[in-house]
Amino acid sequence: MTPAGIERVLFTQEQVAERVREVGAEITEKFRGRDLKLIGVLKGSVFFLTELARAIDLPLKIDFLAISSFGGSTPANAPGMVRIAKDLDDPIEGEDILLVEDIVDTGFTSRYLLQTLAGRGPRSLAICTLLDRSVRRIVQVPVQFRCFEIPDRFVVGCGLDYKQQYRNLGYIAVMNPERA
Ligand code: IMP
Ligand code: MG
């Protein structure tokens with residue numbers, strides 16, 4: 001049954017799986033001959049990261065960090081106010097790092113994380129995001145790998161939440177909070 005508040009499905013579970021396999025293959029080619037560490041941003045990227053990791057055919061490590069935003073309740077009115085709430089378990093010095101995101105929206109979160117991680121001396125640092133809503137970008141961040149570009153609507157599913165719910169939907173859907 002479709003949960004309340006779901007307006008329309010943007011990408012089905014099959015479309016997501018297919019696209020994640022393609023991007024996994026792209027990453028495998030790009031980093032061939034090297035080891036890779038995926039860094040997931042809790043909690044939104046967890047579902048995407050596990051699917052992506054299985055689609056990458058390279059020696060792989062994973063680590064996680066958690067961030068918290070403050071200064072406002074939505075990304076739009078809290079520009080740039082991000083801090084690390086749970087840090088990585090291990091150093092990243094000399095390693096090839098792929099930051100795995102659920103969505104790059106205004107870009108503030110990704111820019112902050114890129115700057116922070118760059119300061120720890122990785123060999124390389126790139127971003128892979130499930131969703132890119134580049135029409136809302138406020139600060140520029142280089143996005144090397146993306147599964148889908150999406151329109152300017154709030155979405156849930158595949159790890160993305162509304163009030164911590166809907167993360168477990170296998171598909172990505174436009175959400176109308178007024179009907180939730
Ligand atoms: P940014 O810092 O504006 O790029 O925002 C990134 C974060 O905002 C993401 O990691 C999500 O947690 C959250 N976010 C942005 N747009 C959406 C959305 O449409 N649905 C759910 N969460 C979102
Ligand atoms: Mg969120």
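Indexing begins at 1, ligand by ligand and atom by atom, following the structure's order. None of the values given here were measured: they were computed from a predicted structure. The basis for the numbers below is simple: all heavy atoms, side chains too, and nothing from hydrogens, waters or symmetry mates.
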Worksheet item: Does any N or O atom in Ser110 lie less than 3.5 angstrom from one in ligand 1, N or O only?
Response: no
Response to the item:
Contact region, Arg136 to ligand 1, non-hydrogen atoms below 4.0 Å, reads neither
Fill in: Backbone N/O of Gly107 and side chain of Arg137: donor-acceptor pair under 3.5 Å
no
Practice prompt. Return a yes/no value for Glu101: is any of its N or O atoms, backbone included, closer than 3.5 angstrom to an N or O of ligand 1?
Written response: no
Item to complete: Would you mind finding which of Ile172, Asp152, Ile103, Thr106 brings a heavy atom closest to atom 11 (C) of ligand 1?
Response: Ile103
Worksheet item: Should the ring pair Phe154 and Tyr162 be called parallel, tilted or perpendicular, given that the plane angle runs from 0 to 90° and is split at 30 and 60?
Response: perpendicular
Worksheet item: For Gly107, is at least one N or O under 3.5 Å away from an N or O on ligand 1?
Response: yes
Discussion item. Distance check, rounded to the nearest 0.5 Å: Ile56 atom CD1 versus Ile27 atom CD1?
Written reply: 4.0 Å
Worksheet entry | Listed partners of Asp63 passing salt bridge (Lys or Arg N to Asp or Glu O under 4.0 Å), at least two apart | none
Discussion item. Please classify the Val41 to ligand 1 contact at 4.0 Å (heavy-atom distances, strictly less than): side chain, backbone, both or neither.
Written reply: neither
Worksheet item: If you take all heavy atoms of Gln13 and Tyr171, which pair is closest and at what distance?
Response: N-CB, 3.9 Å
Worksheet entry | For Thr109, the ligand 1 atoms whose distance to one of its heavy atoms is below 4.0 Å | 1 (P), 2 (O), 5 (O), 6 (C)
Fill in: Arg133: numbered ligand 1 atoms lying under 4.0 Å from its heavy atoms
15 (C), 16 (N), 17 (C), 18 (C), 19 (O)
Worksheet item: Counting N and O atoms only, with roles assigned by atom type, does the side chain of Thr50 sit under 3.5 Å from a partner on the main chain of Phe47, one being a donor and the other an acceptor?
Response: yes
Worksheet entry | Residue part near ligand 1, for Leu160, under 4.0 Å between non-hydrogen atoms | side chain
Fill in: Arg136 side-chain N/O to Arg153 backbone N/O, donor-acceptor pair under 3.5 Å
no
Discussion item. If the cut-off is 4.0 Å to any non-hydrogen atom of Asp161, which atoms of ligand 1 fall inside it?
Written reply: 21 (C)
Practice prompt. Test Glu101 against every option in Leu131, Ile127, Asp132, Val143 by the side-chain contact (heavy atoms from CB on, under 4.5 Å) rule and name the one that passes.
Written response: Ile127
Worksheet item: Any idea which of Tyr162, Phe154, Tyr166 brings a heavy atom closest to atom 21 (C) of ligand 1?
Response: Phe154
